[in-house]
Amino acid sequence: MYAPVGGQGLNVGIVDAANLGWKLAAVVGGWVGEDILDTYTTERHPVATRLLQNTRAQLALMRPDPQTRALWEMVSDLMDLDDAHRYIADMLAGMDVRYDLGDDHRLVGTLCPDMKSTPERPRPGRRQRGDPLGGPAA
């Protein structure tokens with residue numbers, strides 16, 4: 001059991017459902033063999049273990065004794081550092097989970113991070129991406 005601090009369990013549960021759901025659909029659809037279902041445990045149990053560790057640490061920081069208060073203040077100061085803040089935020093949101101898919105690119109095997117999407121502006125005389133006629137850009 002874990003404490004429902006910050007809704008982490010809900011986030012993990014949603015990703016668990018998505019992980020298992022696509023695999024079940026792929027097996028039922030005949031796209032992959034049943035052995036893909038064995039990867040669920042390998043991929044998701046470490047995430048559950050980390051969830052327990054995170055919520056236990058958060059609960060420990062809530063104890064009302066002077067030693068814990070001193071630790072809480074130090075952790076609070078660390079959260080003012082961008083790298084520390086991003087590390088903790090990514091960990092709590094599950095954005096630090098990475099499945100080994102045999103590719104070293106930093107985004108392969110991860111959840112999609114927040115990214116700014118900027119539409120590409122067409123250049124005069126060039127075809128636009130997705131132009132079904134392949135004609136010049138308007």
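Among the candidates Thr49, Asn19, Thr39, Leu20, the single residue satisfying the side chain to side chain contact (heavy atoms under 4.5 Å, CB included) test with Arg44 is Asn19.
Taking both residues in full, the closest heavy atoms of Asp96 and Arg50 are given as OD2-NH1, 2.6 Å, listed atom of the first, atom of the second, then distance. Closest approach of Gly33 and Val27 over heavy atoms only: O-CG2, 3.6 Å. Of all heavy-atom pairs between Trp72 and Leu61, the closest is CD1-O, 3.8 Å. The shortest non-hydrogen separation linking Leu78 to Ala84 is O-CB, 3.2 Å. Nearest heavy-atom pair, Arg98 versus Thr110, reported as atom, atom and distance to 0.1 Å: CG-CG2, 3.8 Å. Residues Leu92 and Gln58 approach most closely at CD2-NE2, 3.4 Å, considering heavy atoms.
Here the CG-CE distance, from Asp77 to Met74, works out to 9.0 Å after rounding to the nearest 0.5 Å. Here the straight-line distance linking atom OG1 of Thr42 with atom OH of Tyr99 works out to 11.0 Å at 0.5 Å rounding. Taking CZ from Arg86 and CD1 from Ile88, the interatomic distance works out to 11.5 Å, rounded to the nearest 0.5 Å. Going from atom CG of Asn54 over to atom CG of Leu59 covers 11.0 Å, rounded to the nearest 0.5 Å. Note that CG of Asp65 and CG of Leu71 are 9.5 Å apart. Values are rounded to the nearest 0.5 Å.
Within 6.0 Å of CD in Glu34 there are 12 or fewer heavy atoms belonging to other residues, nucleotides or ligands. More than 12 heavy-atom neighbours from other residues, nucleotides or ligands sit within 6.0 angstrom of CG on Asp80.
Under a hydrophobic-cluster definition in which Ile, Leu, Val, Met, Phe, Trp and Tyr are linked whenever side-chain heavy atoms come within less than 4.5 Å, directly or via other members, Leu52 and Met91 are assigned to different clusters. Linking ILVMFWY side-chain heavy atoms closer than 4.5 Å, directly or via other members, places Val12 and Val97 in a single hydrophobic cluster.
Side-chain contact check for Val15 versus Val47: every heavy-atom pair is 4.5 Å or farther apart. Within the 4.5 Å cutoff, the side chain of Tyr87 has no heavy atoms near those of the Asp82 side chain.
In summary, Lys23 and Glu43 engage in a salt bridge, as defined by a charged side-chain N under 4.0 Å from a carboxylate O.
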